[in-house]
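Every chain is numbered from 1 and lettered A, B, ... according to where its sequence line falls, protein lines coming before strand lines.
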Amino acid sequence: MFVPYGESVPDLAGFTLLMPAVSVGNVGQLAIDLIISTLNMCKIGYFYTDCLVPMVGNNPYATSEENSTELSINAEVYSLPSKKLVALQLRSVFIKYKSKPFCEKLLSWVKSSNCAKVIILSSSHSYHRNDLQLRSTPFRYLLTPSVQKSVQNKIKSLNWEEMEKSQCIPEISDSEFCIRIPGGGITKTLYDEGCLKEIAMVILLKFVSEGDNIPDALGLVEYLNEWLQIIKPCGEDPTASALPWKMPSSWRLLFGSGLPPALF
Amino acid sequence: MAATFFGEVVKAPCRAGTEDEEEDDEGRKETPEDREVRRQLARKREVRLLRRQTKTSLEVSLLEKYPCSKFIIAIGNNAVAFLSSFVTSSGVWEEVGCAKLWNEWCRTTDTAHLSPTEAFCVFYHLKSNPSVFGSCPRKNLQITVLTCRHVTDYKTSESTSSLHPPFLKALKTQNFKEPPCCSLLEQPNIVHDLPAAVLSYCQVWKIPAILYLCYTDVMKLDLITVEAFKPVLSSRSLKGLVKNIPQSTEVLKKLVTTNEIQSNIYT
(Lines give C-alpha, C1' and ligand atoms only; values in the text may rest on other atoms or scores of the structure.)
Protein backbone atom coordinates (compact mmCIF):
# COMPACT_ATOMS: atom_id res chain seq x y z
CA MET A 1 0.00 0.00 0.00
CA PHE A 2 1.06 3.59 -0.58
CA VAL A 3 1.99 5.45 2.62
CA PRO A 4 2.76 9.18 2.22
CA TYR A 5 6.06 10.54 3.47
CA GLY A 6 4.54 13.75 4.77
CA GLU A 7 1.20 14.44 6.36
CA SER A 8 -1.02 14.59 3.26
CA VAL A 9 -1.59 12.17 0.39
CA PRO A 10 -0.17 13.69 -2.81
CA ASP A 11 -2.46 14.10 -5.83
CA LEU A 12 -1.08 12.05 -8.71
CA ALA A 13 -3.97 12.51 -11.13
CA GLY A 14 -2.65 12.89 -14.68
CA PHE A 15 0.93 12.01 -13.69
CA THR A 16 3.12 9.58 -15.63
CA LEU A 17 4.39 6.76 -13.40
CA LEU A 18 7.85 5.40 -14.17
CA MET A 19 8.81 2.15 -12.57
CA PRO A 20 11.29 -0.70 -13.04
CA ALA A 21 10.72 -4.40 -13.35
CA VAL A 22 13.32 -6.31 -11.32
CA SER A 23 14.89 -7.98 -14.35
CA VAL A 24 18.15 -9.25 -15.83
CA GLY A 25 21.06 -6.95 -15.06
CA ASN A 26 18.75 -4.83 -12.84
CA VAL A 27 18.69 -2.42 -15.80
CA GLY A 28 15.23 -1.01 -15.06
CA GLN A 29 16.19 -0.24 -11.45
CA LEU A 30 19.49 1.38 -12.51
CA ALA A 31 17.59 3.46 -15.06
CA ILE A 32 15.10 4.66 -12.44
CA ASP A 33 18.02 5.53 -10.13
CA LEU A 34 19.48 7.69 -12.93
CA ILE A 35 16.16 9.45 -13.47
CA ILE A 36 15.55 10.15 -9.76
CA SER A 37 19.12 11.32 -9.26
CA THR A 38 19.35 13.52 -12.38
CA LEU A 39 15.96 15.19 -11.92
CA ASN A 40 16.53 15.50 -8.15
CA MET A 41 13.08 14.05 -7.50
CA CYS A 42 11.62 14.32 -3.98
CA LYS A 43 10.48 11.36 -1.93
CA ILE A 44 6.69 11.52 -1.52
CA GLY A 45 6.00 8.16 0.05
CA TYR A 46 6.58 4.43 0.41
CA PHE A 47 4.98 1.45 -1.28
CA TYR A 48 4.84 -0.61 1.90
CA THR A 49 4.52 -4.30 1.04
CA ASP A 50 5.38 -7.75 2.37
CA CYS A 51 6.02 -8.99 -1.18
CA LEU A 52 9.62 -7.75 -1.37
CA VAL A 53 12.60 -8.83 0.73
CA PRO A 54 13.06 -6.12 3.41
CA MET A 55 16.09 -3.91 3.14
CA VAL A 56 17.17 -0.50 4.49
CA GLY A 57 20.07 1.84 3.96
CA ASN A 58 20.88 5.52 4.07
CA ASN A 59 19.76 7.89 1.30
CA PRO A 60 21.08 6.46 -1.98
CA TYR A 61 20.86 9.85 -3.71
CA ALA A 62 22.82 11.76 -1.06
CA THR A 63 24.76 14.72 -2.37
CA SER A 64 26.09 16.12 0.92
CA GLU A 65 26.50 15.34 4.65
CA GLU A 66 23.16 16.94 5.43
CA ASN A 67 21.00 14.78 3.19
CA SER A 68 22.94 11.53 3.59
CA THR A 69 21.33 10.34 6.79
CA GLU A 70 17.76 9.77 5.67
CA LEU A 71 16.68 6.14 5.79
CA SER A 72 15.46 4.48 2.58
CA ILE A 73 13.50 1.21 2.34
CA ASN A 74 12.89 -1.32 -0.43
CA ALA A 75 10.06 0.43 -2.31
CA GLU A 76 9.79 4.21 -2.42
CA VAL A 77 7.92 6.77 -4.50
CA TYR A 78 9.45 10.01 -5.80
CA SER A 79 7.91 12.85 -7.77
CA LEU A 80 8.67 15.87 -9.94
CA PRO A 81 5.40 17.84 -10.09
CA SER A 82 6.76 20.33 -12.67
CA LYS A 83 6.97 17.53 -15.26
CA LYS A 84 4.04 15.54 -13.83
CA LEU A 85 6.36 12.62 -13.25
CA VAL A 86 6.23 10.11 -10.43
CA ALA A 87 8.77 7.30 -10.02
CA LEU A 88 8.51 4.09 -8.01
CA GLN A 89 11.87 2.50 -7.18
CA LEU A 90 12.10 -1.18 -6.16
CA ARG A 91 15.29 -2.16 -4.43
CA SER A 92 14.97 -5.84 -3.63
CA VAL A 93 13.70 -9.09 -5.12
CA PHE A 94 10.27 -10.64 -4.72
CA ILE A 95 9.57 -13.23 -2.09
CA LYS A 96 8.61 -16.53 -3.75
CA TYR A 97 4.96 -16.59 -4.98
CA LYS A 98 4.46 -12.93 -4.01
CA SER A 99 5.11 -11.34 -7.40
CA LYS A 100 1.54 -11.77 -8.65
CA PRO A 101 -0.05 -10.33 -5.47
CA PHE A 102 2.39 -7.41 -5.78
CA CYS A 103 1.32 -6.74 -9.37
CA GLU A 104 -2.33 -6.74 -8.29
CA LYS A 105 -1.69 -4.31 -5.40
CA LEU A 106 0.43 -2.08 -7.61
CA LEU A 107 -2.08 -1.84 -10.44
CA SER A 108 -4.91 -1.20 -8.01
CA TRP A 109 -2.91 1.74 -6.61
CA VAL A 110 -2.22 2.99 -10.15
CA LYS A 111 -5.94 2.94 -10.92
CA SER A 112 -6.97 4.61 -7.68
CA SER A 113 -4.40 7.39 -8.02
CA ASN A 114 -5.59 8.21 -11.58
CA CYS A 115 -2.17 8.19 -13.19
CA ALA A 116 -2.33 9.06 -16.89
CA LYS A 117 -0.02 6.21 -17.86
CA VAL A 118 2.57 3.78 -16.47
CA ILE A 119 5.94 3.27 -18.13
CA ILE A 120 7.80 0.13 -17.12
CA LEU A 121 11.55 0.00 -17.70
CA SER A 122 12.76 -3.52 -18.09
CA SER A 123 15.22 -5.87 -19.76
CA SER A 124 15.30 -9.34 -21.28
CA HIS A 125 18.00 -11.98 -21.72
CA SER A 126 20.04 -11.12 -24.81
CA TYR A 127 20.85 -14.79 -25.45
CA HIS A 128 17.16 -15.45 -26.22
CA ARG A 129 17.21 -13.25 -29.32
CA ASN A 130 16.48 -14.76 -32.69
CA ASP A 131 18.57 -13.97 -35.80
CA LEU A 132 16.52 -10.92 -36.79
CA GLN A 133 16.71 -9.47 -33.29
CA LEU A 134 20.49 -10.00 -33.18
CA ARG A 135 20.84 -7.76 -36.21
CA SER A 136 18.54 -4.97 -35.04
CA THR A 137 18.48 -2.43 -32.24
CA PRO A 138 18.47 -3.99 -28.73
CA PHE A 139 15.55 -1.77 -27.63
CA ARG A 140 11.91 -2.79 -27.80
CA TYR A 141 8.56 -1.36 -26.74
CA LEU A 142 5.13 -2.80 -25.93
CA LEU A 143 1.82 -0.98 -25.57
CA THR A 144 -1.40 -2.05 -23.89
CA PRO A 145 -4.55 -1.40 -25.97
CA SER A 146 -5.63 1.48 -23.66
CA VAL A 147 -2.57 3.56 -24.46
CA GLN A 148 -2.23 2.80 -28.17
CA LYS A 149 -4.37 5.66 -29.38
CA SER A 150 -2.55 8.34 -27.43
CA VAL A 151 1.07 7.33 -28.05
CA GLN A 152 1.03 5.27 -31.29
CA ASN A 153 1.78 8.21 -33.60
CA LYS A 154 4.67 9.56 -31.56
CA ILE A 155 6.17 6.07 -31.24
CA LYS A 156 5.82 5.50 -35.02
CA SER A 157 7.65 8.76 -35.72
CA LEU A 158 10.57 7.54 -33.58
CA ASN A 159 10.92 4.38 -35.71
CA TRP A 160 10.95 2.16 -32.66
CA GLU A 161 10.73 -1.63 -32.88
CA GLU A 162 7.80 -3.36 -31.23
CA MET A 163 8.56 -6.48 -29.19
CA GLU A 164 8.04 -9.45 -31.48
CA LYS A 165 5.92 -12.45 -30.59
CA SER A 166 7.74 -15.75 -30.32
CA GLN A 167 6.70 -19.38 -29.92
CA CYS A 168 5.00 -19.99 -26.60
CA ILE A 169 6.72 -23.35 -26.36
CA PRO A 170 10.01 -22.98 -28.25
CA GLU A 171 10.64 -26.68 -28.87
CA ILE A 172 7.24 -27.36 -30.44
CA SER A 173 7.15 -26.27 -34.07
CA ASP A 174 3.40 -25.71 -34.31
CA SER A 175 3.17 -23.88 -31.01
CA GLU A 176 1.18 -20.64 -30.81
CA PHE A 177 2.91 -17.29 -30.84
CA CYS A 178 2.80 -14.97 -27.86
CA ILE A 179 4.78 -12.24 -26.14
CA ARG A 180 7.61 -13.74 -24.09
CA ILE A 181 10.02 -11.69 -22.01
CA PRO A 182 12.60 -14.12 -20.57
CA GLY A 183 14.53 -12.56 -17.72
CA GLY A 184 11.97 -9.77 -17.46
CA GLY A 185 10.71 -10.63 -13.98
CA ILE A 186 7.16 -9.25 -13.53
CA THR A 187 7.15 -7.42 -16.90
CA LYS A 188 5.00 -10.02 -18.65
CA THR A 189 2.59 -10.30 -15.68
CA LEU A 190 2.22 -6.51 -15.52
CA TYR A 191 1.64 -6.37 -19.28
CA ASP A 192 -1.01 -9.09 -19.17
CA GLU A 193 -2.75 -7.52 -16.18
CA GLY A 194 -2.47 -4.10 -17.80
CA CYS A 195 -4.24 -5.37 -20.92
CA LEU A 196 -6.91 -7.10 -18.84
CA LYS A 197 -7.57 -4.17 -16.52
CA GLU A 198 -7.42 -1.56 -19.32
CA ILE A 199 -4.46 0.31 -17.87
CA ALA A 200 -2.50 2.74 -20.05
CA MET A 201 0.87 1.00 -19.91
CA VAL A 202 4.04 1.23 -21.99
CA ILE A 203 6.91 -1.20 -21.60
CA LEU A 204 10.39 -0.20 -22.70
CA LEU A 205 13.06 -2.85 -22.56
CA LYS A 206 16.57 -3.63 -23.70
CA PHE A 207 18.14 -7.00 -24.48
CA VAL A 208 21.04 -7.35 -22.02
CA SER A 209 23.41 -9.81 -20.39
CA GLU A 210 24.48 -9.75 -16.75
CA GLY A 211 27.66 -7.82 -16.11
CA ASP A 212 28.40 -4.12 -15.76
CA ASN A 213 24.95 -2.91 -16.72
CA ILE A 214 25.51 0.81 -16.24
CA PRO A 215 25.90 1.40 -20.02
CA ASP A 216 22.65 -0.56 -20.56
CA ALA A 217 20.85 1.64 -18.03
CA LEU A 218 22.19 4.77 -19.72
CA GLY A 219 21.01 3.39 -23.05
CA LEU A 220 17.55 2.69 -21.67
CA VAL A 221 17.11 6.19 -20.19
CA GLU A 222 18.27 7.74 -23.47
CA TYR A 223 15.69 5.57 -25.27
CA LEU A 224 12.98 6.80 -22.86
CA ASN A 225 14.21 10.35 -23.27
CA GLU A 226 13.82 10.21 -27.07
CA TRP A 227 10.09 10.00 -26.39
CA LEU A 228 9.43 11.81 -23.11
CA GLN A 229 12.19 14.45 -23.42
CA ILE A 230 12.63 14.59 -19.64
CA ILE A 231 16.08 16.16 -20.09
CA LYS A 232 17.47 18.02 -23.11
CA PRO A 233 18.88 15.46 -25.58
CA CYS A 234 22.73 15.59 -25.83
CA GLY A 235 22.91 16.67 -29.48
CA GLU A 236 20.92 19.88 -29.09
CA ASP A 237 22.96 21.71 -26.46
CA PRO A 238 26.66 22.09 -27.30
CA THR A 239 27.50 23.38 -23.83
CA ALA A 240 26.03 20.32 -22.09
CA SER A 241 28.53 17.98 -20.46
CA ALA A 242 29.26 14.65 -22.11
CA LEU A 243 27.12 12.77 -19.61
CA PRO A 244 23.83 14.54 -18.86
CA TRP A 245 22.68 11.77 -16.49
CA LYS A 246 23.84 12.02 -12.89
CA MET A 247 24.92 8.76 -11.25
CA PRO A 248 23.79 8.52 -7.63
CA SER A 249 26.35 8.27 -4.83
CA SER A 250 25.07 4.77 -3.94
CA TRP A 251 26.54 3.42 -7.19
CA ARG A 252 29.99 3.57 -5.63
CA LEU A 253 31.65 0.24 -4.87
CA LEU A 254 29.33 -1.71 -7.20
CA PHE A 255 32.01 -4.35 -7.54
CA GLY A 256 33.12 -4.53 -3.91
CA SER A 257 35.41 -2.82 -1.45
CA GLY A 258 38.85 -1.38 -2.09
CA LEU A 259 41.65 -3.84 -2.83
CA PRO A 260 44.39 -4.62 -0.31
CA PRO A 261 47.63 -2.98 -1.55
CA ALA A 262 49.51 -6.19 -0.74
CA LEU A 263 47.76 -7.77 -3.73
CA PHE A 264 50.07 -5.82 -6.04
CA MET B 1 23.11 -19.30 -20.41
CA ALA B 2 26.88 -19.09 -20.27
CA ALA B 3 29.69 -21.21 -21.64
CA THR B 4 32.46 -22.30 -19.30
CA PHE B 5 36.11 -22.82 -20.25
CA PHE B 6 35.41 -26.52 -20.62
CA GLY B 7 32.83 -26.00 -23.33
CA GLU B 8 29.78 -26.84 -21.21
CA VAL B 9 26.73 -24.60 -21.36
CA VAL B 10 25.34 -23.79 -17.93
CA LYS B 11 22.52 -21.62 -16.68
CA ALA B 12 24.09 -18.37 -15.48
CA PRO B 13 22.75 -16.99 -12.21
CA CYS B 14 20.65 -13.87 -12.64
CA ARG B 15 21.09 -10.96 -10.18
CA ALA B 16 17.49 -9.98 -10.64
CA GLY B 17 16.28 -13.00 -8.70
CA THR B 18 15.15 -16.52 -9.32
CA GLU B 19 13.75 -17.50 -12.68
CA ASP B 20 11.91 -20.53 -11.26
CA GLU B 21 8.66 -18.79 -10.67
CA GLU B 22 8.51 -17.32 -14.14
CA GLU B 23 9.03 -20.72 -15.71
CA ASP B 24 6.35 -22.24 -13.49
CA ASP B 25 3.87 -19.59 -14.57
CA GLU B 26 4.64 -19.98 -18.23
CA GLY B 27 4.60 -23.76 -18.21
CA ARG B 28 1.66 -24.48 -15.98
CA LYS B 29 -1.19 -22.39 -14.59
CA GLU B 30 -1.69 -22.69 -10.83
CA THR B 31 -4.61 -25.00 -10.00
CA PRO B 32 -7.01 -24.37 -7.10
CA GLU B 33 -5.39 -27.34 -5.34
CA ASP B 34 -1.96 -25.67 -5.57
CA ARG B 35 -3.43 -22.49 -4.15
CA GLU B 36 -5.03 -24.40 -1.27
CA VAL B 37 -1.74 -26.15 -0.44
CA ARG B 38 0.01 -22.81 -0.47
CA ARG B 39 -2.66 -21.25 1.76
CA GLN B 40 -2.35 -24.09 4.28
CA LEU B 41 1.43 -23.72 4.33
CA ALA B 42 1.10 -19.99 4.92
CA ARG B 43 -1.21 -20.66 7.87
CA LYS B 44 1.31 -23.09 9.36
CA ARG B 45 4.04 -20.47 9.00
CA GLU B 46 2.19 -17.88 11.09
CA VAL B 47 4.02 -16.54 14.11
CA ARG B 48 2.22 -17.33 17.36
CA LEU B 49 2.63 -15.52 20.67
CA LEU B 50 2.38 -17.63 23.83
CA ARG B 51 2.99 -17.53 27.52
CA ARG B 52 6.10 -19.68 27.87
CA GLN B 53 5.26 -21.56 31.05
CA THR B 54 1.64 -22.38 30.36
CA LYS B 55 1.93 -22.73 26.57
CA THR B 56 -1.33 -20.80 26.19
CA SER B 57 -1.74 -18.17 23.54
CA LEU B 58 -1.74 -14.55 24.53
CA GLU B 59 -5.30 -13.25 24.16
CA VAL B 60 -4.31 -9.73 23.23
CA SER B 61 -1.30 -8.39 21.44
CA LEU B 62 1.77 -8.19 23.67
CA LEU B 63 2.09 -4.47 23.24
CA GLU B 64 -1.52 -3.94 24.32
CA LYS B 65 -1.11 -6.01 27.47
CA TYR B 66 2.18 -4.45 28.45
CA PRO B 67 2.29 -0.78 27.41
CA CYS B 68 5.81 0.51 27.07
CA SER B 69 7.87 3.37 25.77
CA LYS B 70 11.12 1.51 25.09
CA PHE B 71 11.35 -1.68 23.08
CA ILE B 72 14.78 -3.28 22.76
CA ILE B 73 15.28 -6.14 20.29
CA ALA B 74 18.43 -8.26 20.10
CA ILE B 75 18.87 -10.47 17.05
CA GLY B 76 21.63 -13.08 16.90
CA ASN B 77 23.73 -14.77 19.58
CA ASN B 78 26.18 -11.92 20.27
CA ALA B 79 23.47 -9.26 20.53
CA VAL B 80 21.39 -11.52 22.78
CA ALA B 81 24.42 -12.24 24.99
CA PHE B 82 25.03 -8.49 25.33
CA LEU B 83 21.45 -7.82 26.35
CA SER B 84 21.32 -10.77 28.79
CA SER B 85 24.60 -9.93 30.50
CA PHE B 86 24.30 -6.18 30.71
CA VAL B 87 20.59 -5.47 30.76
CA THR B 88 18.37 -8.36 31.81
CA SER B 89 20.83 -9.49 34.48
CA SER B 90 20.48 -6.06 36.19
CA GLY B 91 17.16 -5.38 37.85
CA VAL B 92 14.26 -7.79 37.86
CA TRP B 93 12.98 -8.78 34.47
CA GLU B 94 9.86 -10.85 34.07
CA GLU B 95 9.35 -13.15 31.13
CA VAL B 96 6.03 -12.19 29.58
CA GLY B 97 5.82 -14.28 26.48
CA CYS B 98 7.54 -15.93 23.60
CA ALA B 99 7.02 -16.22 19.86
CA LYS B 100 6.82 -19.59 18.17
CA LEU B 101 7.17 -19.99 14.46
CA TRP B 102 7.58 -22.77 11.98
CA ASN B 103 8.59 -22.91 8.35
CA GLU B 104 9.75 -25.60 5.95
CA TRP B 105 13.34 -25.22 7.09
CA CYS B 106 12.61 -26.14 10.73
CA ARG B 107 13.69 -29.61 11.77
CA THR B 108 10.43 -30.43 13.53
CA THR B 109 7.56 -31.34 11.28
CA ASP B 110 4.66 -30.30 13.45
CA THR B 111 3.83 -26.77 14.57
CA ALA B 112 1.41 -27.83 17.30
CA HIS B 113 4.04 -29.72 19.23
CA LEU B 114 6.87 -27.23 18.99
CA SER B 115 8.04 -27.12 22.59
CA PRO B 116 8.27 -23.74 24.33
CA THR B 117 11.94 -24.34 24.98
CA GLU B 118 12.43 -24.13 21.24
CA ALA B 119 10.97 -20.64 21.11
CA PHE B 120 13.27 -18.45 19.09
CA CYS B 121 12.06 -15.24 20.61
CA VAL B 122 11.38 -14.43 24.25
CA PHE B 123 9.88 -11.19 25.57
CA TYR B 124 10.92 -9.69 28.90
CA HIS B 125 9.48 -6.80 30.83
CA LEU B 126 11.18 -4.76 33.55
CA LYS B 127 9.17 -5.13 36.75
CA SER B 128 10.48 -2.00 38.44
CA ASN B 129 9.81 0.23 35.46
CA PRO B 130 6.97 -1.14 33.37
CA SER B 131 7.45 1.62 30.80
CA VAL B 132 10.39 -0.33 29.44
CA PHE B 133 8.94 -2.72 26.94
CA GLY B 134 5.28 -2.41 27.24
CA SER B 135 2.88 -0.77 24.88
CA CYS B 136 1.99 2.81 24.42
CA PRO B 137 0.40 3.01 21.00
CA ARG B 138 3.31 4.45 19.03
CA LYS B 139 3.15 7.89 20.64
CA ASN B 140 6.13 7.67 22.98
CA LEU B 141 7.52 4.40 21.71
CA GLN B 142 11.21 4.18 20.92
CA ILE B 143 12.77 1.05 19.46
CA THR B 144 16.38 -0.12 19.65
CA VAL B 145 17.58 -3.09 17.60
CA LEU B 146 20.93 -4.80 18.13
CA THR B 147 22.43 -7.28 15.69
CA CYS B 148 25.66 -8.49 14.09
CA ARG B 149 26.85 -8.97 10.54
CA HIS B 150 30.02 -10.43 9.11
CA VAL B 151 32.63 -7.80 8.27
CA THR B 152 32.84 -9.08 4.68
CA ASP B 153 29.37 -7.57 4.20
CA TYR B 154 30.78 -4.09 4.84
CA LYS B 155 31.77 -2.13 1.75
CA THR B 156 34.36 0.62 1.90
CA SER B 157 36.57 2.34 -0.64
CA GLU B 158 39.59 1.61 1.57
CA SER B 159 41.10 -1.84 1.52
CA THR B 160 39.32 -4.39 3.74
CA SER B 161 42.63 -5.11 5.47
CA SER B 162 42.43 -1.61 6.98
CA LEU B 163 39.22 -2.47 8.84
CA HIS B 164 39.49 -3.45 12.50
CA PRO B 165 36.48 -5.54 13.45
CA PRO B 166 34.44 -5.61 15.58
CA PHE B 167 33.07 -2.10 15.02
CA LEU B 168 29.66 -0.56 15.48
CA LYS B 169 27.54 1.28 12.88
CA ALA B 170 24.05 2.72 13.26
CA LEU B 171 20.97 3.27 11.09
CA LYS B 172 18.11 5.37 12.40
CA THR B 173 14.63 6.33 11.27
CA GLN B 174 13.68 9.89 10.50
CA ASN B 175 11.83 10.42 13.77
CA PHE B 176 14.74 9.28 15.94
CA LYS B 177 16.17 12.58 17.13
CA GLU B 178 18.82 11.50 19.64
CA PRO B 179 22.45 11.42 18.46
CA PRO B 180 23.58 7.79 17.85
CA CYS B 181 26.33 6.20 19.97
CA CYS B 182 28.49 5.53 16.92
CA SER B 183 28.83 6.66 13.32
CA LEU B 184 26.03 6.02 10.84
CA LEU B 185 26.26 3.28 8.23
CA GLU B 186 27.66 4.88 5.10
CA GLN B 187 26.30 4.41 1.56
CA PRO B 188 26.24 2.06 -0.28
CA ASN B 189 25.93 -0.37 2.66
CA ILE B 190 22.51 -1.89 3.31
CA VAL B 191 20.86 -4.20 5.85
CA HIS B 192 18.41 -7.05 5.09
CA ASP B 193 16.16 -9.46 6.97
CA LEU B 194 14.53 -8.95 10.36
CA PRO B 195 16.42 -5.80 11.42
CA ALA B 196 15.54 -4.24 8.04
CA ALA B 197 11.91 -5.30 8.38
CA VAL B 198 11.67 -3.66 11.84
CA LEU B 199 13.37 -0.47 10.69
CA SER B 200 11.24 -0.29 7.52
CA TYR B 201 8.07 -0.57 9.58
CA CYS B 202 9.27 2.16 11.94
CA GLN B 203 10.37 4.48 9.12
CA VAL B 204 7.04 4.12 7.29
CA TRP B 205 4.88 4.58 10.39
CA LYS B 206 7.12 7.35 11.79
CA ILE B 207 8.24 5.50 14.95
CA PRO B 208 11.64 6.57 16.35
CA ALA B 209 13.95 3.58 16.00
CA ILE B 210 17.66 2.90 15.80
CA LEU B 211 19.60 -0.17 14.69
CA TYR B 212 23.06 -0.79 16.13
CA LEU B 213 24.93 -3.11 13.81
CA CYS B 214 28.16 -4.76 14.91
CA TYR B 215 30.44 -5.83 12.05
CA THR B 216 32.57 -8.69 13.27
CA ASP B 217 34.73 -11.46 11.87
CA VAL B 218 33.51 -13.97 14.48
CA MET B 219 29.90 -15.01 14.01
CA LYS B 220 29.72 -17.44 16.92
CA LEU B 221 29.42 -16.18 20.50
CA ASP B 222 32.51 -14.11 21.19
CA LEU B 223 33.51 -11.87 24.14
CA ILE B 224 35.15 -9.16 22.06
CA THR B 225 32.17 -8.92 19.69
CA VAL B 226 29.69 -8.64 22.55
CA GLU B 227 31.79 -5.97 24.25
CA ALA B 228 31.75 -3.95 21.01
CA PHE B 229 28.11 -3.13 21.86
CA LYS B 230 29.18 -1.32 25.07
CA PRO B 231 28.85 2.23 23.61
CA VAL B 232 25.11 1.53 23.32
CA LEU B 233 24.88 1.53 27.13
CA SER B 234 25.14 5.32 27.07
CA SER B 235 22.05 5.66 24.84
CA ARG B 236 18.81 7.00 26.28
CA SER B 237 17.10 3.61 25.82
CA LEU B 238 19.63 1.63 27.82
CA LYS B 239 20.92 4.25 30.24
CA GLY B 240 19.86 3.46 33.76
CA LEU B 241 19.10 -0.15 32.90
CA VAL B 242 22.61 -1.34 33.65
CA LYS B 243 23.52 -1.02 37.33
CA ASN B 244 26.86 -2.69 37.67
CA ILE B 245 29.12 -2.97 34.65
CA PRO B 246 31.89 -5.11 36.26
CA GLN B 247 29.24 -7.54 37.50
CA SER B 248 27.65 -7.68 34.05
CA THR B 249 31.06 -8.32 32.49
CA GLU B 250 31.45 -11.32 34.86
CA VAL B 251 28.02 -12.63 33.79
CA LEU B 252 29.08 -12.27 30.15
CA LYS B 253 32.38 -14.10 30.70
CA LYS B 254 30.49 -17.01 32.29
CA LEU B 255 28.03 -17.12 29.39
CA VAL B 256 30.80 -17.20 26.80
CA THR B 257 32.79 -19.86 28.68
CA THR B 258 29.77 -22.15 29.04
CA ASN B 259 29.15 -21.94 25.34
CA GLU B 260 32.79 -22.51 24.49
CA ILE B 261 32.89 -25.78 26.40
CA GLN B 262 29.80 -26.98 24.57
CA SER B 263 31.21 -26.24 21.15
CA ASN B 264 34.76 -27.57 21.51
CA ILE B 265 33.99 -31.23 21.87
CA TYR B 266 37.16 -32.25 20.05
CA THR B 267 39.63 -30.43 22.34
Asker: Considering only heavy atoms, which portion of A:Leu259 lies under 4.5 Å from any heavy atom of chain B: side chain, backbone, both, or neither?
Answerer: backbone
Asker: Which bit of A:Pro4 is near chain B, if near means a heavy-atom gap under 4.5 Å: side chain, backbone, both or neither?
Answerer: backbone
Asker: Using non-hydrogen atoms only, which part of B:Ser157 is less than 4.5 Å away from chain A: side chain, backbone, both, or neither?
Answerer: both
Asker: So which residue, B:Leu184, B:Ile190, B:Val204, ends up with the most heavy-atom pairs under 4.5 Å with chain A?
Answerer: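 When all of B:Leu184, B:Ile190, B:Val204 are compared, B:Val204 has the most.
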Asker: Report yes or no: does B:Lys177 contribute a side-chain atom to a donor-acceptor pair with the main-chain N or O of B:Gln174 at less than 3.5 Å?
Answerer: yes
Asker: Can you check whether B:Leu211 reaches B:Phe176 side chain to side chain, under 4.5 Å on heavy atoms?
Answerer: no
Asker: Can we say A:Asp50 and A:Lys105 salt-bridge, meaning some charged N sits less than 4.0 Å from an Asp/Glu carboxylate O?
Answerer: yes
Asker: Heavy-atom pairs under 4.5 Å with chain B: which of A:Leu263, A:Val56, A:Val53 has the most?
Answerer: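 It is A:Val56.
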Asker: Counting heavy-atom pairs under 4.5 Å with chain A, which one of B:Leu199, B:Asn189, B:Thr156 comes out on top?
Answerer: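 Most heavy-atom pairs under 4.5 Å with chain A: B:Thr156.
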Asker: Looking only at heavy atoms, what is the nearest atom pair of A:Ser249 and A:Ala62, with distance?
Answerer: OG-O, 2.9 Å
Asker: Knowing that exactly one of A:Pro20, A:Ser99, A:Ser122 qualifies, which makes a side chain to side chain contact (heavy atoms under 4.5 Å, CB included) with A:Ile186?
Answerer: A:Ser99
Asker: Of all of A:Ile73, A:Leu253, A:Val27, A:Val3, which one pairs up most often with chain B through heavy atoms under 4.5 Å apart?
Answerer: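 Result: the option with the highest number of such pairs is A:Leu253.
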Asker: For A:Asn59, which atoms come within 4.5 Å of any heavy atom of chain B: side chain, backbone, both, or neither?
Answerer: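 Contact with chain B: backbone and side chain both.
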Asker: Salt bridge or not for B:Lys172 and B:Glu178, using N-O below 4.0 Å?
Answerer: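 Salt bridge flag = no for B:Glu178 with B:Lys172.
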